[in-house]
Amino acid sequence: MKVASAGIRANSDISKYSNIHFNIMNEMNIDTADFKRTLFDEDHFNEYDIIIAMSELHRDYIKEYYNREIPLFNEVYRGQKTAVNIGAPDSEDFEEQMKKLIQYFYEATPRILHNLEQKTTL
């Protein structure tokens, strides 16, 4: 299985963000060495079996610019049409929020894979 991350604003200035999420993932022994910022484009629909949005902003962007429907992360994970949200980088508990978010993704991964596998066998 091939997994990748692409953003709708991957060419934006991220100087207000930090490497906190990479540090947290590295502490969890998650290899981030090959990570690079990738701007989402039409080719992703051909290259990947599923595109998953983290928020309504992402989902709505794909609908508007590519006229395609994509599920939210929590839809695939728990059947809930809710976004995955994180606080602003300048909030005082941002690092703790980021730790919780990464742990959430980490714990969700087996269920996501199971749910996607079930969907393809139906």
Heavy-atom check, side chain of Arg68 versus side chain of Ile51, under 4.5 Å
no

Above 12 or not: heavy atoms from other molecules or residues under 6.0 Å from NZ of Lys63?
yes

Can you hop from Val76 to Phe73 via hydrophobic side chains spaced under 4.5 Å?
yes

Distance col, row Met25:CE vs Asn23:CG, nearest 0.5 angstrom, shows 9.0 Å

Can you measure from CG (Leu101) to CE (Met54) and round to the nearest 0.5 angstrom?
8.5 Å

Find the distance between NE2 (His58) and CG (Leu72) and round it off to the nearest 0.5 Å.
10.0 Å

Please say whether more than 12 non-hydrogen atoms of neighbouring residues, nucleotides or ligands are located less than 6.0 Å from CG in Asp49.
no

Val84 vs Asn74 side-chain heavy atoms within contact, under 4.5 Å:
yes

Name the residue from Tyr48, Tyr66, Tyr61, Tyr65 that meets the ring pair (Phe, Tyr, Trp, His ring centres under 6.0 Å) definition with Phe40.
Tyr66

Please examine the side chains of Ile52 and Tyr77, heavy atoms only from C-beta on, and report whether any two atoms are closer than 4.5 Å.
no

Between Lys99 and Ile24, the two heavy atoms sitting closest are CG-CD1, 3.4 Å

Say you draw a straight line from NE2 of His21 to CZ of Phe94; how long is it, rounded to the nearest 0.5 Å?
8.0 Å

Using 0.5 Å steps for rounding, measure from the CE atom of Met98 to the OG atom of Ser91.
9.5 Å

Determine the minimum heavy-atom distance between Ile20 and Glu95, stating which atoms define it.
CG2-CG, 3.8 Å

I'd like to know if Lys100 pairs up with Glu107 as an ion pair, taking the criterion as any Lys NZ or Arg NE/NH1/NH2 lying under 4.0 Å from an Asp or Glu carboxylate oxygen.
no

Could you see if Phe105 belongs to whatever hydrophobic cluster contains Leu116? Use Ile, Leu, Val, Met, Phe, Trp, Tyr and a side-chain cutoff under 4.5 Å.
yes

CD1/Ile30 to CZ/Phe22 distance, rounded to the nearest 0.5 angstrom?
11.5 Å

Other residues, nucleotides and ligands only: do more than 12 of their heavy atoms fall within 6.0 Å of CD on Glu42?
yes

Heavy atoms of Ala83 and Ser55 approach each other most closely as CB-CA, 3.7 Å

Between Thr32 and Asn26, does any side-chain donor sit less than 3.5 Å from a side-chain acceptor?
yes

